[in-house]
Number of protein chains: 2
Amino acid sequence: MAARNYGQYCGVVRALELVGERWALLVVRDLLVGPRRYSDLKNGLSRIPTNILSDRLKELQAAGLVRRVPVPRCGLVYELTPYGRELEDVVLALGRWGFKAMGEPREGDEVTADSLAMALRTAFDAEASARIPATVFTLHLGDVTLVARAAEGRLDVVGGAEAQAASGESDAVEFAAGPQLRELIAGTLSLDEAQHSGALHVLDGDARLLERFTSLFHLDGAVAA
Amino acid sequence: MAARNYGQYCGVVRALELVGERWALLVVRDLLVGPRRYSDLKNGLSRIPTNILSDRLKELQAAGLVRRVPVPRCGLVYELTPYGRELEDVVLALGRWGFKAMGEPREGDEVTADSLAMALRTAFDAEASARIPATVFTLHLGDVTLVARAAEGRLDVVGGAEAQAASGESDAVEFAAGPQLRELIAGTLSLDEAQHSGALHVLDGDARLLERFTSLFHLDGAVAA
DNA sequence: CCGGATCCGAATCGATACTG
DNA sequence: CAGTATCGATTCGGATCCGG
């Protein structure tokens, strides 16, 4: 019972006792994008065993990080409480750090809508956004579609299902990319190279808006020397 | 062997694959304070089984986060590589988040020098420090002694052993505290109350320097409503 | 289909003992 | 001091099953 207790009176210890179990922070990662149903989570974390997902959700609820909310005619969703939402700093810090160790995708690695949404958040440069006109990016990566709206220092990302067509209010561009998107964000691949190699392909809108993309989303991709 | 793989191409996932195992981030936490010998780590994490410590150190080395360095006549120390040191953001974010969930110490909970050193770092207000004269705080908590030097926006914390007496260059104060130190930092206990209740006891130096302590070290102690 | 619960073998962890 | 070795206790993963 005291098995998962580390026996120290320390904030880091307490945090790890609450969200340090396997899969826990990935459940939180997906819930940070928005409320999700059980099957959404199961789907976004394709390798999680259902009993583990069930256990984690119960533990996160018991810890007061997650709430189970019935939605009138849509079933049942899990959502973060305010305290759970405060884990955003932790998840973003982990994402930024892990970004540098990503390397090439290993065989079998997937990219999910929620993980990509959080990745865009980790790479988002709010200060740059404050200086750049509002822009809507619709991006396709494998079978994932995401719409990211950057405006006035704020970023909003929604998954493909809820993604309505960009209204005419903002500049908009739609493109498809491969895993090399990581190198574009890391700055080790230029926009030109990406387009010529076929790593990036504009489907709709003004291709020059992609320069805004690289200005808005960048993340150090290498370990400091 | 793919057991600890989450199967996603995502920074958060990669981070958890590298440091998500039980005890791993606590080893990192202690190494963030400074290089440590095997027995230092074993001692600072009193409940870690020795084989797990051994495993974690090997894994962290294999991941390039930790280096094993022979020291001329002191034996052998483990230290973080530059990439390992970049985990500071993650550990601080976890510490800040977990601070709010600490509550009262549970029976058997310990406070170690390294965990307290990192806790002070999470609570340190660099901007406040830039406005406050350099000050040296020597603090005793249980059997832990720590010396914290705050000067010009920078904080330096060393454990009791290496803690030389404060030189006359800076203002200095020495005090003993109990676990209520947490409430002082959270702002739910005033300096006066702490001193009158005996939660805080000045041993040497000017007691008025404690006001600097509360200005330099504070952390939101409650969950947002 | 959605939202799980149950069962079981495999992997990991924890406690203690032991060694160079 | 710096770890291995061993072994029982937990936890995890994979599959299946069940009630709305």
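Letters go in sequence order (proteins before strands), and every chain restarts at 1. Scope of the values below: all heavy atoms of this structure, side chains included, with no hydrogens, waters or symmetry mates.
Considering only the side chain of A/S54, C/dA5 comes nearest among C/dA5, D/dG13, D/dT4. Nearest nucleotide to the side chain of A/L76, out of C/dG4, D/dA5, D/dC12: C/dG4. Listed nucleotides C/dA15, D/dG13, D/dT11 differ in distance to A/P49; the shortest reach to its side chain belongs to D/dG13. Out of C/dT12, C/dA5, C/dG3, the shortest distance to the side chain of A/Y38 is found at C/dG3. Set against D/dG14, C/dG14, D/dT4, the side chain of B/W23 has C/dG14 as its closest nucleotide.
The interatomic distance linking B/L45 (CG) with C/dA15 (C1') rounds to 16 Å, in whole Å. As rounded to whole Å, 13 Å separates atom C1' of D/dT10 from atom CG of A/D55. Atom CD of B/E21 and atom C1' of D/dC12 are 12 Å apart (whole Å). In this entry the distance linking CG of A/L57 with C1' of C/dC2 reads 14 Å, nearest Å. Atom P of nucleotide D/dA2 and atom NZ of B/K58 are separated by 15 Å, given to the nearest angstrom. Rounded to whole angstrom, the span from the CD1 atom of A/I52 across to the C1' atom of C/dG9 amounts to 14 Å. Atom CG in B/L53 sits about 13 Å away from atom C1' in D/dC1, given to the nearest Å. Between A/E59 atom CD and C/dG4 atom C1' the separation is 15 Å, expressed in whole Å.
Residue-to-nucleotide contacts include a donor-acceptor pair under 3.5 Å from the side chain of A/T50 to the base of C/dA5.
Across all strands shown, B/S39 has heavy atoms under 4.0 Å from sugar-phosphate atoms exclusively, and none from any base. Within the 4.0 angstrom heavy-atom criterion, base atoms lie near B/N51.
Side-chain atoms of A/Q180 and A/S197 form no donor-acceptor pair, as typed in the model, at a separation below 3.5 Å.
Remark: A/R22 is not in phosphate contact with C/dA11, judged by side-chain N or O atoms under 4.0 Å from OP1 or OP2. Dashed line: the shortest gap from a side-chain N or O of B/R56 to OP1 or OP2 of C/dC13 is under 4.0 Å. Phosphate proximity of D/dG3 to B/Y78: present, with a side-chain N or O under 4.0 Å from OP1 or OP2. At least one side-chain nitrogen or oxygen of B/R68 sits closer than 4.0 Å to the OP1 or OP2 atom of D/dG3.
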In sequence, state the C-alpha distance, the side-chain angles, and the governing distance for A/R4 and A/E59, and then conclude on salt bridge (Lys or Arg N to Asp or Glu O under 4.0 Å). CA-CA 12 Å; A/R4 61 201 329 177; A/E59 292 158 10; 3.7 Å; yes
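Ion pair B/R37/B/E79 not flagged as a salt bridge, since none of the NZ, NE, NH1 or NH2 atoms sits closer than 4.0 Å to an Asp/Glu carboxylate oxygen. A salt bridge is defined here as a Lys NZ or Arg NE, NH1 or NH2 lying under 4.0 Å from an Asp or Glu carboxylate O, and B/D220 with B/R96 fails to meet this definition.
A cation-pi contact links A/R182 to A/F99, judged by a cut-off of 6.0 Å to the six-membered ring centre and 45° from its axis.
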